[in-house]
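Keep in mind that what you see is a predicted model, and the values were worked out from it rather than measured. Whatever order the structure lists them in is the order used to number ligands and atoms, beginning at 1.
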Amino acid sequence: MLQLPKPTQPNPPLASLDEAYELCRQITEKYSKTFYLGTLLMPPEKRQAIWAIYVWCRRTDELVDGPQAKLTTPETLDNWEKHLESVFAGHPLDDADVALVDTLKRFPMDIQPFRDMIAGQRMDLYRSRYETFEELQLYCYRVAGTVGLMSSAVLGIDERYRTAPWEKNQPLYIPQQEAIALGIANQLTNILRDVGEDAGRGRIYLPLEDLDLFNYSQEDLFNGVIDERWRELMRFQIQRARKYYTEAERGIRALNADSRWPVWAALMLYQGILDVIEMNDYDVFNQRAFVPTAKKMLYLPIAWLRAQTL
Ligand SMILES: CC(C)=CCC/C(C)=C/CC/C(C)=C/CC/C(C)=C/[C@@H]1[C@@H](COP(=O)(O)OP(=O)(O)O)[C@]1(C)CC/C=C(\C)CC/C=C(\C)CCC=C(C)C
Ligand SMILES: [Mn+2]
């Protein structure tokens, strides 16, 4: 469970900048081996900024998904949005905020993707089904595409994609759609990996129109039925997720050179979960698909090569 240390006195002094980034590092390492590995491939300033963003995203998700989630109401999210506004005004309210405020100074960002993510978590408060892919796509943009937008400010645009300095170095091309696509691809992968876990909580993220298409019922899903209908349904979902990864890949070359390797690595490691689901013959009810550490290490040189050549 993600808990920041509780204040022991009414207005305790906040952490120093080094302590705040160290806290964010520890939380990122603990909660996501994959993204943490990706950040280790970045220069220190970018790495720290991504940890700060990661922690804000994780805290937001925990409000509706963590052990205290039953206590979360729409007002909790309203308060979290006010907390966000304070951070964007440069006023940290707790230790993790200290790192995020500093990150915002170094890498100016729009508040909108942060607000959109809170709107996505709000959807989890009142929805447990998605009729169409269009509806699911909006959810995926909000909880994950937004991470692509937040991270892009840190990753930066390569100079080949910027205009001349006398034109104020404005980007010619910003791979926004591709950044969103990577977030959506990751989230679709998450959804496929966690079908069984989500069903255990009464949730179905797979669009109901897709279940209908393959004549597979909600009851089948809750009973964990694995048959040819299920495999076909999963093949369809995996193909859709891979299309988003392909779209994302096209944007990586526009990123700063020092960001391409970590993004390729994170993309390949996450996409690797889809391969594992296939190797498990689409059984996402009884086993959790994960990429073993040794395999993760194998992806790194391939990601490096892609970052230099593609
Ligand atoms: C041009 C181009 C391709 C640029 C790259 C842009 C980029 C880095 C995109 C990646 C975006 C990304 C990492 C999205 C994460 C999506 C995600 C996993 C969302 C999760 C949502 C809810 O899912 P669920 O509750 O089902 O999952 P859990 O079981 O609880 O895990 C989230 C949990 C929302 C919160 C997201 C995070 C905590 C992850 C944030 C990650 C980062 C900031 C790391 C970015 C990493 C690198 C290497 C840049
Ligand atoms: Mn979650």
Side-chain angles (χ1 to χ4, degrees), residues 1-2 24 27-42 46-67 69 100 103 109 113-114 116-118 120-121 123-124 136 139-158 161 171 173-195 197-198 201 203 205 241 244-256 258-271 273 288 290 303 306-307 310:
M1 168 186 170
L2 173 57
C24 294
I27 293 173
T28 310
E29 182 182 28
K30 179 168 172 200
Y31 285 87
S32 177
K33 300 281 172 272
T34 299
F35 293 137
Y36 184 67
L37 182 57
T39 63
L40 293 184
L41 309 176
M42 293 176 180
K46 292 189 176 184
R47 177 190 303 168
Q48 287 188 320
I50 295 290
W51 293 337
I53 296 173
Y54 180 89
V55 168
W56 185 85
C57 294
R58 177 51 60 203
R59 294 177 77 186
T60 307
D61 183 61
E62 291 274 312
L63 288 175
V64 294
D65 235 5
L100 188 54
T103 290
M109 275 171 229
F114 292 79
D116 288 347
M117 179 179 283
I118 296 175
Q121 306 299 356
M123 290 169 85
D124 268 338
L136 179 69
Y139 171 75
C140 291
Y141 159 71
R142 287 179 170 168
V143 300
T146 50
V147 184
L149 295 179
M150 298 169 196
S151 308
S152 293
V154 175
L155 301 171
I157 305 291
D158 187 81
Y161 290 84
Y173 164 68
I174 305 175
Q176 261 192 348
Q177 278 319 309
E178 293 86 346
I180 293 172
L182 185 50
I184 294 179
N186 288 348
Q187 186 59 14
L188 292 175
T189 304
N190 250 1
I191 287 172
L192 297 179
R193 182 195 60 193
D194 297 342
V195 166
E197 196 184 306
D198 289 330
R201 298 184 303 163
R203 297 187 160 273
Y205 287 99
Y244 281 92
Y245 282 112
T246 305
E247 185 183 350
E249 287 175 7
R250 290 195 282 267
I252 302 180
R253 75 189 66 159
L255 296 176
N256 259 348
D258 60 12
S259 296
R260 285 180 223 143
W261 185 24
V263 172
W264 266 112
L267 181 150
M268 292 178 69
L269 294 172
Y270 230 80
Q271 191 173 21
I273 297 172
R288 184 179 166 91
F290 71 97
R306 289 188 178 177
L310 294 181

Review point. What is the closest protein heavy atom to atom 32 (C) of ligand 1, and at what distance does it sit?
Key: Val143 O, 4.2 Å

**Study point:** Under-4.0 Å heavy-atom contact with ligand 1, by part of Asp194 that carries it
**Key:** side chain

**Study point:** Heavy-atom proximity to atom 2 (C) of ligand 1, best of Ala179, Cys57, Ala52
**Key:** Ala179

**Study point:** ligand 1 contact on Glu249 by region, counting heavy-atom pairs under 4.0 Å
**Key:** neither

Study note, to complete from the structure: Looking only at protein heavy atoms, what sits closest to atom 31 (O) of ligand 1 is Arg58 NH2, 3.3 Å

**Study point:** Polar contact flag for Thr39 and ligand 1 (N/O pairs, less than 3.5 Å)
**Key:** no

Review point. How far is atom 41 (C) of ligand 1 from its nearest protein heavy atom, and which residue and atom name does that atom have?
Key: Tyr54 CD1, 3.5 Å

Check your understanding: Is any side-chain heavy atom of Glu249 closer than 4.5 Å to a side-chain heavy atom of Trp264?
Key -> yes

Practice item. Select the closest option to atom 7 (C) of ligand 1 among Gly66, Ser259, Gly148, judged by heavy-atom distance. Key: Gly148

Exercise for review: Could you check which N/O/S atom of Asp65 is closest to the Mn ion (ligand 2)?
Suggested key: OD2

Review point. How far is atom 47 (C) of ligand 1 from its nearest protein heavy atom, and which residue and atom name does that atom have?
Key: Met42 CE, 4.1 Å

Review point. Tell me: protein heavy atom nearest atom 17 (C) of ligand 1, and distance?
Key: Gln187 OE1, 3.8 Å

Exercise for review: From atom 46 (C) of ligand 1, work out which of Tyr31, Phe35, Tyr36 has a heavy atom at the shortest distance.
Suggested key: Phe35

Review point. With side chains defined as the heavy atoms from C-beta onward, is the minimum distance between Val147 and Trp56 less than 4.5 Å?
Key: no

Point to revise | Proximity of Met150 to ligand 1 by residue part, where a heavy atom lies under 4.0 Å | key: neither

Check your understanding: Does a side-chain heavy-atom distance below 4.5 Å link Leu267 with Leu182?
Key -> yes

Check your understanding: Within the structure, does Glu197 bring an N/O atom to less than 3.5 angstrom of an N/O atom in ligand 1?
Key -> no

**Study point:** Student check: side-chain heavy atoms of Asp124 and Tyr139 closer than 4.5 Å
**Key:** yes

Review point. Which bit of Tyr270 is near ligand 1, meaning a heavy atom under 4.0 Å away: side chain, backbone, both or neither?
Key: side chain

Point to revise | Heteroatom of Asp61 nearest to the Mn ion (ligand 2) (N, O or S, atom name) | key: OD2

Exercise for review: Report the nearest protein non-hydrogen atom to atom 16 (C) of ligand 1: residue, atom name, distance rounded to 0.1 Å.
Suggested key: Ala144 CB, 3.5 Å

Exercise for review: Considering heavy atoms of the protein only, find what lies nearest to atom 45 (C) of ligand 1 and give residue, atom and distance to 0.1 Å.
Suggested key: Ile50 CG2, 3.8 Å

Revision key, fill the gap. Looking only at non-hydrogen atoms, the one of Ile27, Thr189, Asn190, Ile157 nearest atom 24 (P) of ligand 1 is Asn190

Check your understanding: So between Leu149, Leu41, Val147, whose heavy atom ends up nearest atom 43 (C) of ligand 1?
Key -> Val147

